[in-house]
There are 2 protein chains.
Amino acid sequence: MTGNDPVYLRVVEELRAQIVDGTLPPGAPIPSRAQLTQRFRVGETAARHALRVLAAEGLIIGKVGSGHYVREKSVLYPLQRCRYVDHDAPFAADMQAGGHRATWDWRSETIKAMRDVARRLRLEEGDPVTRTRYVFRTEGKPMQLATSYEPADLGRGQSFPEEGTNGRKSLVARMSAVGIKITDIRESVHTRVPQPTESDLLDLPTGVHILHVERTHWSGDRPVETSDIVVPGDRFRLVYSVPLGA
Amino acid sequence: MTGNDPVYLRVVEELRAQIVDGTLPPGAPIPSRAQLTQRFRVGETAARHALRVLAAEGLIIGKVGSGHYVREKSVLYPLQRCRYVDHDAPFAADMQAGGHRATWDWRSETIKAMRDVARRLRLEEGDPVTRTRYVFRTEGKPMQLATSYEPADLGRGQSFPEEGTNGRKSLVARMSAVGIKITDIRESVHTRVPQPTESDLLDLPTGVHILHVERTHWSGDRPVETSDIVVPGDRFRLVYSVPLGA
DNA sequence: GACGACGACTTGGAGTCCCAACTTTACCAA
DNA sequence: TTGGTAAAGTTGGGACTCCAAGTCGTCGTC
């Protein structure tokens with residue numbers, strides 16, 4: 001039966017249908033709360049709730065004092081504003097691509113490994129590791145957080161600015177100086193709700209999820225560096241490109 | 001000033017802090033609406049809104065008739081229940097790994113390419129493509145949606161069941177039969193709110209985002225297959241493993 | 001001890017009203 | 001024509017209320 005489901009869903013479904021079939025094109029104004037209550041013969045709560053749901057789905061945006069509007073397609077499925085992974089160098093990042101210049105802050109320190117980091121680096125909990133925290137900015141806006149961990153005995157004595165945005169070149173160079181050759185990289189990607197510090201640092205509006213990448217550099221079967229990379233989910237695409245050797 | 005931001009945020013922030021620092025452990029009951037109004041001296045609207053925000057963030061779940069509870073960690077930061085990409089075969093999927101047996105439904109048909117698909121396959125809008133839709137299930141529960149597009153002239157005459165879960169082997173075999181060698185794979189990962197059909201098919205609770213993978217198989221500079229892969233963001237990790245050839 | 005009924009409590013849907021802050025438009029004066 | 005202002009409309013936060021449906025513990029009966 002469709003007769004007894006919530007009335008606000010009726011509003012949501014009708015508006016959503018009109019948006020996806022193009023009756024309400026991008027940029028078009030959505031009927032206001034007052035108009036919806038009249039048109040659908042529902043209370044203000046239902047109208048309001050319907051608008052909130054559609055906004056949460058990313059189909060419309062509310063402009064205070066003006067109204068709700070159908071979101072532009074470009075915002076809905078954004079193009080990659082930052083190319084994250086390059087073609088010639090898989091898993092390297094190049095934030096200059098796309099015409100945007102990136103800047104970043106970073107700070108290194110030596111700490112005791114937490115359980116999670118110890119597991120990922122195959123160390124014991126409490127072993128010393130070098131932690132480097134980065135905040136990457138594009139056009140001044142924070143765009144990516146990264147926290148990198150290396151076993152402290154792999155001699156990142158003095159911490160120096162990274163060359164590539166992700167410091168892969170720098171890492172490879174530093175490692176090869178200690179006789180370690182990085183053989184492969186493993187990444188694990190998932191999405192979750194930002195923690196308060198993250199939404200603070202990345203200046204995230206409510207409702208935006210983040211992409212969390214756990215990246216580990218391996219030398220044979222020995223992990224030599226692991227990092228947590230956090231980017232806003234709505235503005236970012238991770239791009240992987242890998243040749244099929246077989 | 002923090003004095004003049006919405007009161008419901010005060011409630012949200014305090015509860016969230018208690019959840020992330022463990023004062024309210026997973027499974028713990030959240031104060032009810034009535035209790036929150038008393039404790040924080042706010043109206044029911046604010047209390048209710050705060051609970052809705054926390055539920056949307058995936059930190060708590062509401063059980064009607066019982067109360068709100070802190071979500072279990074396993075749901076919050078799940079371990080990989082399905083290994084998505086294998087080590088020996090990068091970008092191949094093996095859903096058997098992890099002790100779970102996967103089943104899937106699929107259906108093929110020939111349609112006219114929409115703009116997006118045409119762009120990805122370097123075709124003209126309206127050119128014929130073979131679309132195959134999959135629903136993958138683990139333990140009976142839908143776990144992954146995939147929609148695959150191939151140019152119709154690449155001769156998927158009779159559509160036959162895939163061997164691997166993602167049909168990469170099958171695809172490679174089929175392509176090599178037509179003299180096409182797949183040279184590399186490019187993937188683009190982002191996260192977004194599920195569309196109604198998606199949350200329906202995947203049986204998603206509200207507030208759960210999805211991971212959307214656009215995967216394209218290339219033969220040289222010619223795209224031969226592209227697919228959209230949609231998985232629940234809270235239960236899935238994408239695992240990439242690639243050797244560094246250089 | 002087992003079982004069932006009942007009442008207290010909780011969520012989620014829905015309605016109504018009020019207000020501050022903001023946008024848009026229309027109109028009037030210089 | 002231009003500039004400024006006032007009015008009307010809109011969003012977002014908030015308070016209060018009512019109700020249906022569901023959970024859960026208590027208490028009395030068998």
Side-chain angles (χ1 to χ4, degrees), chain A residues 1-16 19 24 27-72 75 204-208, chain B residues 1-16 19 24 27-71 196 199 204-208:
Chain A
M1 310 289 177
T2 55
N4 59 346
D5 49 56
V7 287
Y8 82 88
L9 272 186
R10 232 182 56 223
V11 184
V12 167
E13 274 158 19
E14 177 152 338
L15 290 176
R16 183 159 50 205
I19 292 169
L24 288 168
I30 299 289
S32 72
R33 252 158 46 184
Q35 288 172 309
L36 287 177
T37 54
Q38 285 199 339
R39 283 248 263 274
F40 289 87
R41 299 313 207 84
V42 297
E44 213 192 286
T45 314
R48 190 187 281 228
H49 194 45
L51 291 171
R52 213 169 347 93
V53 168
L54 289 170
E57 286 180 6
L59 288 171
I60 65 176
I61 42 166
K63 290 196 202 303
V64 43
S66 170
H68 283 93
Y69 301 89
V70 179
R71 260 199 169 180
E72 302 292 333
V75 178
L204 295 178
T206 57
V208 171
Chain B
M1 309 287 177
T2 55
N4 60 347
D5 50 55
V7 288
Y8 83 88
L9 271 186
R10 230 181 57 222
V11 184
V12 167
E13 274 158 19
E14 178 151 339
L15 290 177
R16 183 160 50 205
I19 292 170
L24 288 169
I30 299 289
S32 73
R33 252 157 46 183
Q35 289 172 308
L36 288 177
T37 54
Q38 285 199 339
R39 283 249 262 275
F40 288 88
R41 299 314 208 83
V42 297
E44 219 193 282
T45 313
R48 187 186 284 230
H49 194 44
L51 291 172
R52 209 167 352 94
V53 167
L54 289 169
E57 287 181 5
L59 289 170
I60 64 176
I61 42 167
K63 291 195 202 301
V64 44
S66 171
H68 282 95
Y69 301 88
V70 180
R71 265 199 166 178
S199 58
L204 296 178
T206 55
V208 171

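Predicted, not measured: the structure shown is a model, and the values here were computed from it. In what follows, chains carry the letters A, B, and so on, assigned in the order in which the sequence lines appear, proteins first and then strands, with residues in each chain numbered from 1.
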* Asked: Of all of residues 28-37 of chain A, which get a heavy atom below 4.0 angstrom from DNA chain D, listed by number?
  -> A:S32, A:R33
* **Spacing between A:R41 atom CZ and C:dT16 atom P, to the nearest angstrom** => 11 Å
* Axis bend over the full length of the helix from C:dG1-D:dC30 to C:dA30-D:dT1, computed from five pairs that close each end, to 10 degrees -> 0°
* To do: Applying side chain to side chain donor-acceptor pair (under 3.5 Å), name anything that partners A:E13, two or more places apart in sequence or on another chain.
  => none
Please list each protein N or O that sits under 3.5 Å from an N or O in nucleotides 3-6 of chain C, with the distance.
none

* Asked: So how far is it from B:L54 CG to B:Y8 OH, rounded to the nearest 0.5 Å?
  -> 10.5 Å
* Measure from the side-chain heavy atoms of A:V42 and tell me the nearest of D:dG13, D:dA15, C:dG15. => C:dG15
* What residues, two or more places apart in sequence or in another chain, satisfy side-chain contact (heavy atoms from CB on, under 4.5 Å) together with B:R39? -> B:P31
* For B:L36 and B:V42, what are the C-alpha separation, side-chain angles and deciding distance, and is it a side-chain contact (heavy atoms from CB on, under 4.5 Å)? -> CA-CA 8 Å; B:L36 288 177; B:V42 297; 5.5 Å; no
* Under 4.0 Å from any atom of DNA chain C, heavy atoms only: list the residues of residues 44-53 of chain A that qualify, in numerical order. => A:E44, A:T45, A:A46
* Asked: Has the side chain of A:S66 got a donor or acceptor atom that lies under 3.5 Å from a matching backbone atom of A:K63?
  -> no
* Tell me, please, which residues at least two apart from A:R52 pass side chain to side chain donor-acceptor pair (under 3.5 Å). => A:H49
* Asked: CD1 of B:I30 to CD1 of B:I61: how many Å apart, nearest 0.5 Å?
  -> 10.5 Å
* Mind checking the CZ-OG1 spacing from A:R48 to A:T37? Nearest 0.5 Å is all I need. => 11.0 Å
* Could you pull out all residues at least two apart from B:Q38 that satisfy side chain to side chain donor-acceptor pair (under 3.5 Å)? => none
* To do: Using side-chain contact (heavy atoms from CB on, under 4.5 Å) as the criterion, list what pairs up with A:A55, not counting sequence neighbours.
  => A:I60
* Which whole-number value in Å describes the distance from B:Q38 CD to C:dC9 P? -> 11 Å
* **Whether B:R10 side chain and B:F40 backbone form a donor-acceptor pair below 3.5 Å** => yes
* To do: Could you check how far CG of A:D5 sits from P of D:dA20, rounded to whole Å?
  => 18 Å
* **Polar side-chain atom of A:E14 near backbone of A:V11 as donor-acceptor pair, under 3.5 Å** => no
Below 3.5 Å is the cut-off: list the nitrogen or oxygen pairs between protein and nucleotides 25-27 of chain D, distance only.
none

* Counting just side-chain N and O atoms, does B:H68 come under 4.0 Å of either OP1 or OP2 of C:dT10? -> no
* Do B:L9 and B:V53 come within less than 4.5 Å of each other through their side chains, counting heavy atoms only? -> no
Contact list (N/O, under 3.5 angstrom) for nucleotides 21-24 of chain C vs protein:
| from | atom 1 | to | atom 2 | distance (Å) |
| --- | --- | --- | --- | --- |
| C:dT23 | O4' | A:G65 | O | 3.0 |

* **Min side-chain heavy-atom separation B:L59-B:R16 under 4.5 Å** => yes
* Asked: Residues two or more places apart in sequence or in another chain: which of them pass side chain to side chain donor-acceptor pair (under 3.5 Å) with A:T45?
  -> none
